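Notes to accompany the following structure.
Letters A, B, ... are given to chains in the order of the sequence lines, protein chains preceding strands, and every chain is numbered from 1. Predicted model, so just to flag it, every value in this text is computed and none were measured.
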Protein chains: 2
Amino acid sequence: MTTDMPPLPEFDLYGFTPYRLAVAAKRTSEELARQYRDRFGISIPEWRVLVHLAHSGEVSVRDIEARVAMEKYEVSRAAKRLREEGLIERRENPADRRLVIMSLTPKGHAMMADLLPMAKAHQQDLENRLGLAFRKLEVGLEALLKDQI
Amino acid sequence: MTTDMPPLPEFDLYGFTPYRLAVAAKRTSEELARQYRDRFGISIPEWRVLVHLAHSGEVSVRDIEARVAMEKYEVSRAAKRLREEGLIERRENPADRRLVIMSLTPKGHAMMADLLPMAKAHQQDLENRLGLAFRKLEVGLEALLKDQI
DNA sequence: TATTGTTATACTCTATAACTATA
DNA sequence: TATAGTTATAGAGTATAACAATA
């Protein structure tokens, strides 16, 4: 029903940055999540933990929580599943027995040896497809993430 | 446990574009979702439907589904809640009685008259905070969204 | 037979906070 | 008393598909 109220201001949802970011992130993540799940049987939280372990060697839950945009409970649950799959192992930190030390098992190491080159190829493919726009996207995201917006 | 396997390739999660997009979108959406909820009592799906109605006047579920990155059931559920709040109304399309015609009520119109300027101000604030990086982000997102990556 | 829209259902993700163990 | 980590639980969000009404 058309009202006789004053017209609303113009607003372009497609030009609204939070909307664009949400759509872009959803598409990108879904594509990747499908690959991780189908090929390796892991979720995105599990992938983040594995990457951090591949990079940092031996870390605690707290280390990951602080660096990988995950809550403590998420890290803990992801780690539990990864242990059940035999991809990571855990032992006590003798210096502070509240802390755990997590690391890749040989099986986890082998999987990451397959997985990481694929992720690098995916990133490279993205860069190729976006061409010059890729560097601009990076600069924009850098500013957004740095300013805690 | 350090293994004697060949070292894994370097991989920087913080430089991985899907990760950065996910973190950026999450932060941006959460901030906004809180504002919509606290000030207007609506969710993001409801907000998307309202914006589309404010812009397009009278539309069907199908119209919104096609244009606002939402599934049919999401639109339908959001519309139901908005009707219950008295923000939108609905009637049958006489030309095709399977279609509904949704439009803002005066109450919904009044709310959007408050809400849209706030969204515009938020967008403007984002642009100001990002400065030169804003246009680069836009170019990057444009390329990403256009190429269906 | 196909399309629009709604809804039941199940599933997953996310968040809170209670809990154990240790410092 | 504070911190690390785990887990129970609840809530929100998401997806599938079955359904009624209409074309």
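- In this structure Val59(B) satisfies the side-chain contact (heavy atoms from CB on, under 4.5 Å) test together with His52(B), Leu53(B), Ser56(B), Asp63(B), Ile64(B), sequence neighbours excluded.
- Heavy-atom contacts of chain A under 4.0 Å fall on DNA chain C between two terminal nucleotides, which in 5' to 3' order are dT14(C) to dA23(C).
- The side-chain contact (heavy atoms from CB on, under 4.5 Å) search around Gln124(B) returns Glu127(B), Asn128(B), not counting sequence neighbours.
- Every ring-ring contact (aromatic ring centres under 6.0 Å, His included) that Tyr36(A) has, sequence neighbours left out, goes to Trp47(A).
- By the salt bridge (Lys or Arg N to Asp or Glu O under 4.0 Å) test, Asp12(A) pairs with no residue at all, sequence neighbours left out.
- In this view, Lys120(A) satisfies the side-chain hydrogen bond (donor to acceptor under 3.5 Å, both in side chains) rule with no residue, not counting sequence neighbours.
- Residues meeting the side-chain contact (heavy atoms from CB on, under 4.5 Å) test with Pro117(B), sequence neighbours left out: Pro9(A).
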How would nucleotides 4-17 of chain D be written as a contact map, 5' to 3', with B for base contact, S for sugar-phosphate-only contact and - for no contact, using protein heavy atoms under 4.0 Å? SBBBBB----SBB-
Acceptor/donor pairs from residues 70-81 of chain A side chains to any protein atom, 3.5 angstrom cut, sequence neighbours excluded:
| from | atom 1 | to | atom 2 | distance (Å) |
| --- | --- | --- | --- | --- |
| Glu74(A) | OE1 | Glu71(A) | N | 3.1 |
| Arg81(A) | NE | Glu46(A) | OE2 | 2.3 |
| Arg81(A) | NH2 | Glu46(A) | OE2 | 3.2 |

